[in-house]
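Given the structure is predicted, the values throughout are model-derived calculations rather than measurements.
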Amino acid sequence: MAKLRTSIREQLLNKINQRASWRWAKRGLYFLLFIGAFANFIANDKPYYCEYKGEWHSPLFKAIAVDLGLSKWPTDQVNLRWYEVDLENDYWPPVAYRPEQINIYQKFQSPFDDQKVERWQFRHMLGTDSLGHDTLAGLIWGTRFALIIGLASMLIATIIGLFLGSMAGFFGNDRWITSRAQRIGGVIGLILGLYGGLMVRRPLLDEGRLAFYYIGALGLIISLTVLGSYIGRRLFPRSGHMRALPVDDLVMRAIETLTAIPALLLLLSIVAIIQRPSVLSITLIIGLLGWTGIARFVRGELLRVRSLEYMQATKVMGLPPVRALFRHALPNAMGPVYVAIAFGVAGAILVEAGLSFIGIGVPADLVTWGKLLRNARTSADAWWLAIFPGLMLFLTITVFNLLGEAVSEET
Amino acid sequence: MVPTLVLISLLAFALNECTPEGITDENRTDPRASALERYDSERSNFKRLAELRGERFPIFYFGVHSAAYPDTLHYLFPAERRLAAQAFIGRNGNWPAIQNFYSELEQLIRQGLALSDSHQSDALIEVNRLLQQIPIRTEDKNIRRDLDKIQEAITSDTAIEQSLGAQYAVVQETFEGTTANAQQWKHYVPMFQWNGTGNKYHRWISPILSGNLGVSLVTGQEVGERVNNALRWTLRLNLSAFFIAYLLAIPLGVYTAVYAGSGFDRRLNIFLFFLYALPSFWVATLLTQFLTTPEWFDIFPTMGVGDVSAQASWWERTQTRAYHFFLPVFCLTYGILAIVVRQVRAAMQGILQSDFIRTARSKGISERRVIWRHAFPNALFPLITMFGNLLPSVVAGSIIIELIFSIPGVGLLTFDSILSKDWPIVYALLLLTAILTVFGILLADLLYAWVDPRVQLGQQKQSANG
């Protein structure tokens, strides 16, 4: 008997494998993920293995252990520049530079310049900039941050978008029917939650424990609202005045508001406030602003799905609406969502590159493609600085767009 | 629409409130003044600055807070003192006692400074230094440690003890009083307060609504005038890009829809796909690098919009502008082109398969007439909606493109204002562009209803059109 249900992963892979260009996009994604994950091992200023003063070392692995807090450098090696000392039997990564490493003897090296290096790993294969930063190392480490920011921010956006979009699409303006007791209980719970979450816990805010304050407040508000309406229903089970909650209108209003403001302008004016930008802050902001597309797709698809017959069947069978939504309706509405996610990742990477190109909101010590491209503007004859980072960005965006196109194909 | 506008204004206002303090003007005091006079002038300076920024007003029309916090907390200047007081209230909840402590402390500070005119010793300097720190201390143990140190210093010097000892004892006592009589329960008692129109939001939004965007913190210029100029350049740039993109996209889209599946269609599709993925700021960087610099090909002007003398004829002016606009418009156009061609093609394809087209063909109407008179007007509707969706970018402009080509539009103005921490401009711009966008979308909807009589406005949309 043929397998009736195929896993989501299989379905997606089947779609992607249909065309050669999509298969190349898949390989491209794997390649980018590999580079991003192993950036330390591909571009690093420490050798894999070497013999120094008669003893063997593997500084690259040691450095990772030190970063993880598992190990400590011996005092004579803390600031040791491994590329300057005499080593024996040393094995280097393919690119023997870190992106932030300054090489004042080799500024503005063109890729085709004659570079006097002892080993091929020390060649600046894609040239250097005004301070002698190696471009290829920058591209490799930039891959890591572009992927982290692109994927993580889309994860946040997907969670928010899926939740709000499915609520709006599944319940619409007419399906979430509540009794008066439930509504009153819910409102009381909401008010208590708002007061308790934001006012009673305000000392936390003044102490500077922001994350704890906001996440706790959100949890308190939601749980007290749910609890309030539950108590209302249990206390007055026969309360009448059934009305539907305008879930759809509320969500659409929020989406309208967010999309009416020019996206990059909004992003910039939020990012500008943050005094000490970090990878986390930029990811969070892109994610928190980027959910509207996904929410719209889910909503549109669920509005279609919910009127299908099998959804009527779940109602007849007496399934609770939450179960019907998450087990039966949502899985069938995911198709457009994957498309939105794929294009969304490309968009997020582009936005991050744009922000770092402008130079606002991205931590100063981070090397990203946008920053590399920005360096090109100061030196007109360094063509390699302008071409390679942009090419990398273009290829990455193409990969995600191709994947999005593949997933959007009807099968 | 009104709720959307209100929400947008609240969002812009909230962001405006979150900005770090931009400008602190330098404190010019007479170096010959006594320590106490300097201190007083500094305090009054803070007060003046806060007054200037309107900080003495509550945030919104109404406020809900717990009984522990006074509704006059925003009278405390500067912000560090306010934060310290807030933390203090958070720990103990009894504002009257805390306020008592702070006012006794203030007296002690002034006494200490007054004493430094007649008496000089290391101990007194130390006392004064520590005293100035206490109002901005956010932790009990730090305050207590400072107080202990002050006591040590006071007892070491009899002259200080004589004049400050009594007041110090009061301060010490009131401080112990705050911790001893902690009233944590007050955090659980809600207080409601009505502020009327004397609040920050009202004072922020009402000039904007009456068209007065205020004065720039940095240059002292009228914001409205700068925004007006910037908006003009942005609209010129973007509208020409849109015009060219639509001009090219409509024939291309119609042609590929009619000859769907042909070699040209497939090649154009692939080409547009890659065009769509090309980051415009990369293309702009490449163009500026290779076409505007003497190192490569110096064909186009590098930046700006060109100087035109006032007497120049219309033709000369257009020429100069076109010369300067060529590259930026190109960078903006190709992205729009890629989207619009696909839209036109999809819409046309759908319509060419519908029944009324088959009817028209079977009536023997020429193919050209079928396409342009029967099919095309119907394919136009999605374009109007799409124009509404693309409007935000028309109004806000492409910040990066304006930055690269130094076009003094909205994007560049925002960027400059952010860099110079000129927050009023940033958020006035945000609000203004959002309002313009909302009206633009409304206009697109009206236009849609006008050209397509099937659409009825004001009806509850039940369809699945996200």
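With a 4.5 angstrom heavy-atom cutoff, B/I8 touches chain A via backbone and side-chain atoms both. With a 4.5 angstrom heavy-atom cutoff, A/I387 touches chain B via backbone and side-chain atoms both. Of the two parts of A/L402, the backbone and the side chain both hold a non-hydrogen atom closer than 4.5 Å to a non-hydrogen atom of chain B. Proximity to chain A (any heavy atom under 4.5 Å) is shown, for B/V283, by neither the backbone nor the side chain. For B/V426, the part lying under 4.5 angstrom from a heavy atom of chain A is the side chain only. Contacts of A/A263 with chain B are absent, with no heavy-atom separation under 4.5 Å from either backbone or side chain. Looking at B/F88, there are no atoms closer than 4.5 Å to chain A (heavy atoms on both sides), in backbone or side chain. In this structure, chain B has a heavy atom under 4.5 Å from the side chain of A/I360, while its backbone stays farther away. Using a 4.5 Å cut-off between heavy atoms, A/T259 contacts chain B through its backbone alone, with no side-chain atom that close. If you measure heavy-atom distances from B/I435 to chain A, you find no contacts under 4.5 Å at all. For A/F394, the parts lying under 4.5 angstrom from a heavy atom of chain B are both the backbone and the side chain.
Listed options A/L391, A/L395, A/L350 were ranked by heavy-atom pairs under 4.5 angstrom with chain B; first place goes to A/L391. Highest contact tally toward chain B, considering only A/R201, A/R374, A/R202, is held by A/R202 [criterion: heavy-atom pairs under 4.5 Å]. The most heavy-atom pairs under 4.5 Å with chain A, out of B/A68, B/A84, B/S417, B/A277, come from B/A277. No other option in B/I89, B/L286, B/L5 has as many heavy-atom pairs under 4.5 Å with chain A as B/L286. In terms of heavy-atom pairs under 4.5 angstrom with chain A, the leader among B/A434, B/S66, B/P190, B/A87 is B/P190.
Using a distance-only test at 3.5 Å, with no hydrogens or angles considered, no donor-acceptor pair links the side chain of B/Y276 to the main chain of A/N401. B/W282 places no side-chain N or O within 3.5 Å of a backbone atom of A/G370 that could act as its donor or acceptor partner.
Nearest approach of B/Q289 to A/A376, heavy atoms of both residues: NE2-O, 3.8 Å. In plain terms, the two heavy atoms of A/P203 and B/H187 that are nearest each other are CG-CE1, 3.8 Å. Of all the heavy atoms in A/Y195 and B/V64, the pair that sits closest is CD1-CG1, 4.2 Å.
Under the 4.5 Å side-chain criterion, counting only non-hydrogen atoms from C-beta, A/L393 is in contact with B/F281. Put simply, the side chain of A/L265 does not reach to within 4.5 Å of the side chain of B/F415, judged on heavy atoms. Counting only heavy atoms from C-beta outward, the side chains of B/Y69 and A/M199 never approach each other to under 4.5 Å.
The structure places CG of B/L11 at 7.0 Å from CG of A/L258, a figure rounded to the nearest 0.5 Å. Rounding to the nearest 0.5 angstrom, the gap separating the CG atom in A/L373 from the OG1 atom in B/T285 is 4.5 Å. In this structure, B/T4 OG1 and A/I261 CD1 are separated by 10.5 Å, a value rounded to the nearest 0.5 Å. Within the model, atoms CG of B/L15 and OG of A/S269 stand 5.5 Å from one another, a figure rounded to the nearest 0.5 Å. Here B/W423 contributes atom CH2 and A/I273 contributes atom CD1; the two are 6.5 Å apart, rounded to the nearest 0.5 Å. With rounding to the nearest 0.5 Å, the separation of CD1 in B/I399 from CG in A/L355 is 9.0 Å.
The 12-atom threshold is exceeded at CZ of B/F60, counting heavy atoms of other residues, nucleotides or ligands nearer than 6.0 Å.
Of the options A/I270, A/L266, A/L268, a side chain to side chain contact (heavy atoms under 4.5 Å, CB included) to B/L430 is made by A/L266 and by none of the others.
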